[in-house]
Amino acid sequence: MIRLGLTGTIGAGKSTVAGCFQEWGAYRIDADRLAREVVEPGTRALARIRETFGAGLLGDDGRLDRAAMRRLVFSDAGARARLEAIVHPAVDRRRLELLEAAVGSGFQVVVVEIPLLFEKGIEDQFDATVTVDAPRAARRLRVCERRGIAPSEFDAMDAAQWSGERKRAAADHVIWNDADRESLRASARHVWEKVVPPEGRLWRADLHMHTSASHDCLSAPEDVVRRARAVGLDRIAVTDHNEIRGALAAREIDPELVIVGEEVRTAEGLDLIGLFLQRHIPPGGSFRDVAVEIRRQGGAVYLPHPFDARRGTTEEFLAGVVELVDAVEGFNARVHDARRNRRAVTWAEAHGLPVGAGSDAHLLKEIGRGATLMPTFTGPDDFLAALEECRIEGRPSSHLVHLGSTWAKVWKTVWPA
């Protein structure tokens, strides 16, 4: 197992980077969160804080008044040392417990987010260390606005840690955050690929999205590819409605990234996705005929949004074609009723079929909202094997994204290409 120690200056974006590593397959341990847990009411640490500093640091609900505690310890180095002597051992014990749990769960990578990693001198506990830093003025503004604290309080907090220059010099890898979130994700991805070998790395794949080749999408293939790389995707399936031109164009731009697919409308009015296609499949054939053609091309038959209210079907219909399905979309970011996504997962599990996830993106900002974390693969055969070991994740897109699809239809009707 690879242990990554992640630290950084206050407000630099450390938690965002930790979230990226978690998305890409790491087990995440957040020392700040543990520090809050170990001082919950009823804990030994909170009792010791009361004994040491008095009941004035507790609120009416019996919880630690973190703002009052912060004001005290960042103005008094002795008080800060006494607090750390109480909290840090409890946090360290809990961190080691979670590390053991990660090993037992089979995780290949663990990222431990520790603000005072170098200050505590524990960098030797990790296989690699990563520091996130940003211009001080940007950090100061961000922290003061987000936490509602005075600039003088930020200055005290910042001064209590090593400087960014010192942390950068001590770290194995540095992520400099002086641009937008997409640039930060790209920098994080670069470090991730340097420290995690391919055999320990999971790919993040979005298995359902559209380009301007679809009748209800205006996203050019080159913009889709650019956006997918920016949000940290390793593979995307371009699955335009009844078209393959957009997928072929995207593959031409980035052959490593793109899986050529098509979302075919069948005679029953259902959608069926073919992945790893060689040729266009015309719409209008029966579900069975389309599935047979996908397999004839050496592709994988992928069933999208099977129980969506507008685009889905029933278990009764699927019972008659289940032998034609290779995999099921278990999360679609445009399915806003979570029960319908869960129903898809349940149906797939009942029939021994792997599940994947996709954004069903018609707008660039949707790309990556549904993702499949899976082992690496080279083609349709080991793709399905990798899908057996995947986990799916995502968050629903806004209902407003459908307005974007409607506008695309109107635009193409009024101003056809």
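Side-chain atoms are counted along with the backbone in the values below, which use heavy atoms only and exclude waters and symmetry mates. We count residues from 1, following the sequence as given.
Contact check for Ser212 versus Pro221: side-chain heavy atoms found under the 4.5 Å cut-off. In this structure, the side chains of Val335 and Arg311 come closer than 4.5 Å at one or more pairs of heavy atoms. Side-chain contact between Thr239 and Leu275: present, with at least one pair of heavy atoms (C-beta onward) separated by less than 4.5 Å. Between Gln125 and Leu117, the closest side-chain pair of non-hydrogen atoms is not below 4.5 Å. Between Ile244 and Leu277 the shortest side-chain heavy-atom distance falls below 4.5 Å. When side chains are defined from C-beta on, Ile294 does not count as touching Tyr302, because their heavy atoms never get closer than 4.5 Å. Between Lys167 and Val132 the shortest side-chain heavy-atom distance does not fall below 4.5 Å. Side-chain contact check for Leu4 versus Phe126: every heavy-atom pair is 4.5 Å or farther apart.
Checking side-chain atoms of Ser187 against main-chain N and O of Ile175 turns up no donor-acceptor pair under 3.5 Å. Glu262 places a side-chain N or O within donor-acceptor distance of the main-chain N or O of Ile281, the cut-off being under 3.5 Å. Looking only at distances, a side-chain donor or acceptor of Thr7 sits under 3.5 Å from a matching main-chain atom of Ile114. Here the side chain of Thr266 pairs a donor or acceptor atom with the backbone of Leu270 at under 3.5 angstrom. In this structure, the side chain of Lys412 engages the main chain of Ser214 through a donor-acceptor pair within 3.5 Å. Side-chain N or O atoms of His280 include one that pairs as donor or acceptor with a backbone N or O of Asn242 at under 3.5 Å. Checking side-chain atoms of Arg204 against main-chain N and O of Gly368 turns up a donor-acceptor pair under 3.5 Å. Panel note: side chain Ser359, backbone Ala333; no donor-acceptor pair is recorded below 3.5 Å. In this structure, Arg185 contributes its side chain and Val231 its backbone to a donor-acceptor pair below 3.5 Å.
Judged purely by distance below 3.5 Å, without hydrogens or angles, the side chains of Arg296 and Gln278 never pair a donor atom with an acceptor atom. Between Asp360 and His208, the side chains place a donor N or O and an acceptor N or O closer than 3.5 Å (distance only, hydrogens not considered). Side-chain polar atoms of Thr378 and Asp382 form a donor-acceptor pair below 3.5 angstrom. Inspection of the Ser163 and Arg168 side chains reveals no N or O donor paired with an N or O acceptor under 3.5 Å. At a cut-off of 3.5 Å, with distance as the only test, a side-chain donor of Glu113 or Ser15 sits close to an acceptor on the other residue.
Between His215 and His210, a ring centre-to-centre spacing not shorter than 6.0 Å is recorded.
Residue Leu6 holds its CG atom at 9.5 Å from OG1 of Thr129, rounded to the nearest 0.5 Å. With rounding to the nearest 0.5 angstrom, the CG atom of Leu233 is 9.0 Å from the CD atom of Glu23. Here the CE atom belonging to Met69 is positioned 9.5 Å from the CZ atom belonging to Phe74, to the nearest 0.5 angstrom. Put simply, CG on Leu207 and CZ on Phe331 are 12.5 Å apart, with the number rounded to the nearest 0.5 Å. Note that the CZ atom of Phe287 and the CG atom of Asp271 stand 10.0 Å from one another [nearest 0.5 Å]. Atom NE2 of His402 sits about 7.0 Å away from atom NE2 of His399, to the nearest 0.5 Å.
A salt bridge between Arg295 and Asp326 is present, with a side-chain N of the basic residue lying under 4.0 Å from a carboxylate O of the acidic one. Salt bridge status for Glu40 with Arg36: absent, with no side-chain N to carboxylate O gap under 4.0 Å. A salt bridge links Glu37 to Arg33: at least one charged side-chain nitrogen sits closer than 4.0 Å to a carboxylate oxygen. For the pair Asp234 and Arg189, the salt-bridge criterion is met [side-chain N within less than 4.0 Å of a carboxylate O]. For the pair Glu153 and Arg71, the salt-bridge criterion is not met [side-chain N within less than 4.0 Å of a carboxylate O]. With salt bridges taken as basic N to acidic carboxylate O contacts below 4.0 Å, none links Glu366 and Arg369. Between Arg139 and Asp158 there is a salt bridge, with a side-chain nitrogen of the basic residue lying less than 4.0 Å from a carboxylate oxygen of the acidic one. A salt bridge links Glu323 to Arg288: one of the charged nitrogens lies within less than 4.0 Å of a carboxylate oxygen.
When every heavy atom of Val130 is checked against every heavy atom of Ala171, the shortest pair comes out as C-CB, 4.5 Å. Contact detail for Met374 and Ala386: the closest heavy-atom pair is CE-CB, 3.8 Å. The minimum heavy-atom distance between Trp24 and Trp192, with the atom names listed, is O-CZ2, 3.1 Å.
Within a 6.0 Å sphere centred on CD of Glu252, heavy atoms belonging to other residues, nucleotides or ligands number 12 at most. Dense packing is recorded around CZ of Arg391, with more than 12 heavy atoms of other residues, nucleotides or ligands lying under 6.0 Å away. Summarising the local packing, CZ of Arg229 is surrounded by more than 12 heavy atoms from other residues, nucleotides or ligands at distances under 6.0 Å. Dense packing is recorded around NE2 of His351, with more than 12 heavy atoms of other residues, nucleotides or ligands lying under 6.0 Å away. Summarising the local packing, NZ of Lys120 is surrounded by more than 12 heavy atoms from other residues, nucleotides or ligands at distances under 6.0 Å.
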Quiz item: Given Glu84 and Leu116, is the side-chain contact (heavy atoms from CB on, under 4.5 Å) satisfied, shown in steps?
Solution: CA-CA 11 Å; Glu84 290 175 351; Leu116 300 179; 3.8 Å; yes

Quiz prompt | Stepwise side-chain hydrogen bond (donor to acceptor under 3.5 Å, both in side chains) check, Ser405 with Arg334 | solution = CA-CA 11 Å; Ser405 302; Arg334 282 197 165 204; 2.8 Å; yes

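Residues forming a salt bridge (charged side-chain N to carboxylate O under 4.0 Å, His left out) with Arg395 (at least two apart in sequence, or on another chain): none. Every residue meeting the side-chain contact (heavy atoms from CB on, under 4.5 Å) condition with Glu243, not counting sequence neighbours, appears here in chain and number order: Ala213, Asp240, Arg245. Asp65 pairs by the side-chain contact (heavy atoms from CB on, under 4.5 Å) definition with Ala67, Ala68, not counting sequence neighbours.
Cation-pi geometry between Arg343 and Phe307 is met: the NZ or CZ atom falls under 6.0 Å from the ring centre, inside 45° of the normal.
Taking the six-membered ring where tryptophan is involved, the planes of His241 and His362 are tilted, since the angle between them lies from 30° to 60°.
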